[in-house]
Amino acid sequence: MKKIFLLFLVSFAFIHIQAQDKSPKKMPRIIILATGGTIAGSGESETKAAYTAGKVPIDDLLNAVPQIHNYGKITGEQIAQIGSQDMNITTWLKLANRINQIFKDNLADAIVVTHGTDTQEETAYFLDLTVQYEKPVVLVGAMRPSTAMSQDGNRNLLDAVMVAADPKSQDKGVIVSMNERIFDSRDVTKTSTTNLGTFQSRNFGPIGLIYDGKVSYYYKSLRDPAKKFDVSKLTSLPQVEIVYGYADASPLTVTCLANSPIKGIVYAGMGNGNFNAPVGKALEEAVKKGIVVCRSNRAGSGRITLENEVDDAALGFIVADDLSPQKARILLMLSLSETSDKSKIQTNFFEY
Ligand code: ASP
């Protein structure tokens, strides 16, 4: 009888310990930082496309997907409430500093950022270059507003929380989770104005997939900057503008910029970052005025190679490698906040 009682006691203790292991305290602490966008968008009808981005506050967003609480201890913070077409450097700095502070104070194990899709790739790359910790930071958005029929925001948010909670998401840098796919922030880009599968990584594909509650990774980017940019003391960044290349372009835009106080021009060139003769001359003049000119491409994929059709060394240009013009602008602004040494900046483009 005694033995049976002892066996009962041991089994009870075992079951109790198992139950404790599954207690919410063991769940990752995930903070959701909301910035607005279509995922928080609201429209007048379920079927009409028209809506206003950034209307729904963070608490309503979280309440709409109670399943997220199965994956972590979730809390929300409203950082901004804007359509991401209005995203700006001040909000980027606020976001980066808040994320660094959260991890420094050990307030969370992972962070999800809800964001509009228009500039999601830019914010993701900015954070990738400025967040000093290797804990998961996952950006997510939606193509349809929360009031639309077949809206994608709830599912995307649940997936993003699963990704953030998954231990495999450590050391991946800042990532983007959209439409059952996980993307590296450096490579991801919005490719369609309205399609749900808009996000793609044209050069290398998604790094992972989410399906049926499971997160699977297939590869990891090796472009993980050893030293991140410290933006904790910055209130602005050196101004860099983008100029688009096209057949028979006039040099007017470049000439205007060369006569302004900007610090850098990213030239979104044709093919391998090419320009016609008048634009090339204007870019050369801009370099002579101390502006850093970085050649990138308008093709949407592929690398810009140094010294191909263009004599970069003679003209004083640097190249963006495979960064899109909008991401090259971010790396150039951050690089210029630390140095004006063009060879160091070029190295950043080949390593970051
Ligand atoms: N214009 C919206 C935004 O970027 C589009 C979206 O979120 O899908 O905020």
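Note that the structure is predicted; figures quoted are calculated from it, not measured. Order of listing sets the numbers, starting from 1, for every ligand and every atom in it.
At a 3.5 angstrom cut-off on N or O pairs, His115 does not count as close to ligand 1. Considering backbone and side-chain N/O atoms, Ala142 comes within less than 3.5 Å of an N/O atom of ligand 1.
Short contacts between ligand 1 and Gln85, defined as distances under 4.0 Å to a heavy atom of the residue, involve ligand atoms 1 (N), 2 (C), 3 (C), 4 (O), 9 (O). Residue-ligand proximity, Gly83 to ligand 1, at heavy-atom distances under 4.0 Å covers atoms 9 (O).
A distance of 6.0 Å or more separates the ring centres of Phe204 and Phe183.
Using bins of under 30°, 30° to 60° and over 60° for the plane-to-plane angle, the ring pair Phe317/Phe275 lands in the perpendicular bin.
Side-chain contact, Gln101 with Asn97: no donor N or O sits under 3.5 Å from an acceptor N or O.
Of the protein's non-hydrogen atoms, the one nearest atom 2 (C) of ligand 1 is Thr38 OG1, 3.5 Å. Protein heavy atom nearest atom 8 (O) of ligand 1, with residue, atom name and distance: Thr117 OG1, 2.4 Å. Of the protein's non-hydrogen atoms, the one nearest atom 9 (O) of ligand 1 is Ser84 N, 2.7 Å.
In terms of modelled atom types and a separation under 3.5 Å, the side chain of Gln200 and the main chain of Arg202 share no donor-acceptor contact.
Under the 4.5 angstrom side-chain criterion for Ile, Leu, Val, Met, Phe, Trp and Tyr, Leu252 has no cluster partners at all.
For Gly54, the heavy-atom gap to ligand 1 stays at 4.0 angstrom or more.
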With a 3.5 Å cut-off and sequence neighbours excluded, list the donor-acceptor pairs that the side chains of residues 283-291 form with protein atoms.
residue: Lys289; atom: NZ; partner: Asn259; partner atom: OD1; Å: 2.5

